[in-house]
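Below, all heavy atoms of this structure are taken into account, side chains as well, without hydrogens, waters or symmetry copies.
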Amino acid sequence: PASTQVVSEPVATESMPATTTGRAQESAGASAPAADGFSFADLPWWFLAALTGAVGGLLYAHKLPNDLMGAFGLVLLLGILLGEIGDRLPYFNTLLGGGPIACIFGSSLLVYSGILPTFSVDLCRRFLVDTNFLNFYIGCVITGALLRLDRRILVGASVKFLVVLLGGIALPAGLALLLTSMTGSSFQEAMLFVVWPILGGGVGGGALPLVQIYGRTGAIDAGIVMSRLIPVIVLGNVLSIIVAAQLHLIGLRWPAWTGKGTLPRGLPRGPDAAAAGDDVEARLQLDLLALGLVLTVTVYLLGVALQEFLAPSVHAFVWMIGLLMAARLGNVLTGRMTLGAIQWSQLWMRSMLYPVLVAVGIAFTDLSGVLASLGDRVHLALVVSTVLGAAVGAGIAGELVGFYFVESAIAGGLCLSNMGGTGDLATLSAARRMELLPFSTMATRIGGAIVLLLAGLQVAMSAGSP
């Protein structure tokens, strides 16, 4: 079959997106040159100018196609520009996360300031949600990341990861009790309107079920709950992304604290590069990519079927992870299928991470809500303590069960306090650890389910008093 050579790259650069520059790769601890992947430098100035003129002219004339091509044009352009700025800007590219942070908050700032018209928000929301592209992208990345994992990680880490999640839930609750005792505010209200919403798994998986839980008992007016929850969730997501970038720096400063993307101690640090026949050095083949697409779509649809017909309360991604884990442990997939899924995942991760983060910033990151949440100091302290408590609690629990602190804090803590699937992508990209996506999905779905259960118990026990 027709093939082309995959450029060899250190495992540490796997999580870097297509628009990554050499400077950003260096800051992430990698040494591969920028020419190894698509970058701003690959585009002649006149070509970028033509793309900018076409997208800008159509956008402001309200003629940008309201379809995938129009959405791709907008997010690709902003992903290239904002990613390049973030990866090159001194101090910002090392201290605040570089390109991923610039893509999310730069695009959100463009909307907040009115530079991007509101039409772009609707376009990106349809791109991510209505076409289900976000689920497609996450499914591709999960499949490749999980099939790259060492079998020993799958055997030993899955059950222990529940302990990490409990640590990420327990410490924020304890800190909320401490803060409310010191300030004289309501502990119950702090849990209902700050801690549980932040840890609940985003808007669709957290805020909406919480509204139903709070309103079902008659204890709280469901009509005003959502307006209180959304700003808290968005602010928690922002802080989670920023803290993730700092944890990456902590890992660089104290290497003994990090597994460079690997959770359990005692195993080679970094993904299992030889899991599918040394896939990093393998030749990229078109038929393998086709196998990867078929495998990813099949496993995702099986997950959807299990959700619809067997357990509607269990998200399709959870079923998908379970099926992939069983297939990996049972060694039922051929080497070509596994390699194809990994290469398919790498293709999308390297080419579309920054554009997807731009779409997330435009469609789901409301800076006005974040700024509005900064007015109440006690409220802000509760949000900060919840995010930091989730990271530190998960990190400590991870150390107790034999995991690395940094990876535990990111996957089991910050991916619990961010805004669901979109937050997982942003958090892991800021931390340069996209290979943790299977565990972050477990944190979002399973950890979020635990949080909803605890919130329901609290409301039931409160006997109608918030």
Side-chain angles (χ1 to χ4, degrees), residues 17 54-55 58-79 82 103-104 107-108 110-112 116-143 200-209 211-212 226 229-230 233-234 237 293 296-308 312 314-320 344-345 347-349 351-369 418-426 429 437 441 444-445 448:
V55 172
L58 291 171
L59 180 65
Y60 289 107
H62 296 281
K63 300 293 185 180
L64 188 68
N66 187 22
D67 55 19
L68 280 177
M69 294 296 282
F72 269 120
L74 177 62
V75 299
L76 282 170
L77 173 63
L78 292 179
L82 294 175
C103 287
I104 297 167
S107 59
S108 179
L110 292 176
V111 174
Y112 176 75
L116 282 181
T118 55
F119 166 75
S120 63
V121 178
D122 297 331
L123 179 64
C124 288
R125 190 175 292 273
R126 284 192 293 270
F127 171 64
L128 293 177
V129 179
D130 293 352
T131 67
N132 223 15
F133 181 79
L134 185 61
N135 279 1
F136 170 78
Y137 183 84
I138 294 175
C140 291
V141 176
I142 285 178
T143 302
V203 177
L208 293 179
V211 169
Q212 297 299 316
M226 185 63 76
L229 300 188
I230 295 299
I233 292 172
V234 173
N237 187 59
L293 170 61
T296 299
V297 171
T298 300
V299 176
Y300 174 73
L301 292 180
L302 286 174
V304 172
L306 289 171
Q307 178 187 14
E308 293 293 335
V314 180
H315 196 277
F317 282 148
V318 176
W319 285 114
M320 187 177 182
W344 178 253
S345 172
L347 171 66
W348 283 97
M349 191 182 303
S351 63
M352 281 300 294
L353 179 57
Y354 277 7
V356 167
L357 293 179
V358 165
V360 169
I362 292 175
F364 297 115
T365 307
D366 182 9
L367 284 187
S368 61
N418 63 25
M419 203 167 67
T422 58
D424 289 345
L425 291 177
S429 62
L437 189 57
T441 303
T444 296
R445 303 305 173 186

Checklist entry - Does the side chain of L78 reach to within under 4.5 Å of the side chain of I362, using non-hydrogen atoms? => result yes
Item to check | Side chains of F317 and Q307 in contact at under 4.5 Å (non-hydrogen atoms) | outcome: no
Checklist entry - So do the side chains of M320 and L306 get within less than 4.5 Å of each other, counting heavy atoms only? => result no
Checklist entry - Under 4.5 Å between any side-chain heavy atoms of Y300 and N132, yes or no? => result yes
Checklist entry - How far apart are the closest heavy atoms of S429 and L357, and which atoms are they? => result OG-CD1, 3.4 Å
Checklist entry - How close do I138 and L437 get, heavy atom to heavy atom, and via which atoms? => result O-CD2, 4.1 Å
Checklist outcome for this item: One should read off an interatomic distance between N418 CG and T444 OG1, to the nearest 0.5 angstrom, of 5.5 Å
Checklist entry - Taking the inter-plane angle between the rings of F133 and F136 on a 0 to 90° scale, is it parallel (under 30°), tilted (30 to 60°) or perpendicular (over 60°)? => result tilted
Checklist entry - At their closest point, which heavy atom of L128 faces which heavy atom of A363, and how far apart are they? => result CD1-CB, 4.4 Å
Next on the checklist: Quick one, Y60 and P117 - any side-chain contact, counting heavy atoms below 4.5 Å?
Outcome noted: yes
Next on the checklist: If I compare all heavy atoms of G361 with all of S108, which pair ends up nearest, and what's the gap?
Outcome noted: O-CB, 3.5 Å
Checklist entry - Should S345 and T143 count as side-chain neighbours, where that means a heavy-atom distance under 4.5 Å? => result no
Checklist entry - Roughly how far apart are R126 CZ and L68 CG, rounded to 0.5 Å? => result 11.0 Å
Checklist entry - Got a second to check how far W319's CH2 is from L301's CG, nearest 0.5 Å? => result 15.5 Å
Item to check | Any side-chain heavy-atom pair of L134 and L425 under 4.5 Å | outcome: yes
Checklist entry - Does the pair L76 and M352 meet the rule for a side chain to side chain contact (heavy atoms under 4.5 Å, CB included), with working shown? => result CA-CA 8 Å; L76 282 170; M352 281 300 294; 4.1 Å; yes
Checklist entry - Are side-chain heavy atoms of T298 and L302 found at a separation under 4.5 Å? => result yes
Next on the checklist: Ignoring hydrogens, what is the shortest heavy-atom contact between C140 and W348? Give both atom names and the distance.
Outcome noted: SG-CD1, 4.2 Å
Checklist outcome for this item: Between C124 and L74 the two heavy atoms that sit nearest each other are SG-CD2, 4.2 Å
Item to check | D122 side chain to R125 backbone, donor-acceptor under 3.5 Å | outcome: no
Next on the checklist: Quick one, L123 with N66, criterion side chain to side chain contact (heavy atoms under 4.5 Å, CB included). Give me CA distance, side-chain angles, the key distance, then yes/no.
Outcome noted: CA-CA 6 Å; L123 179 64; N66 187 22; 3.6 Å; yes
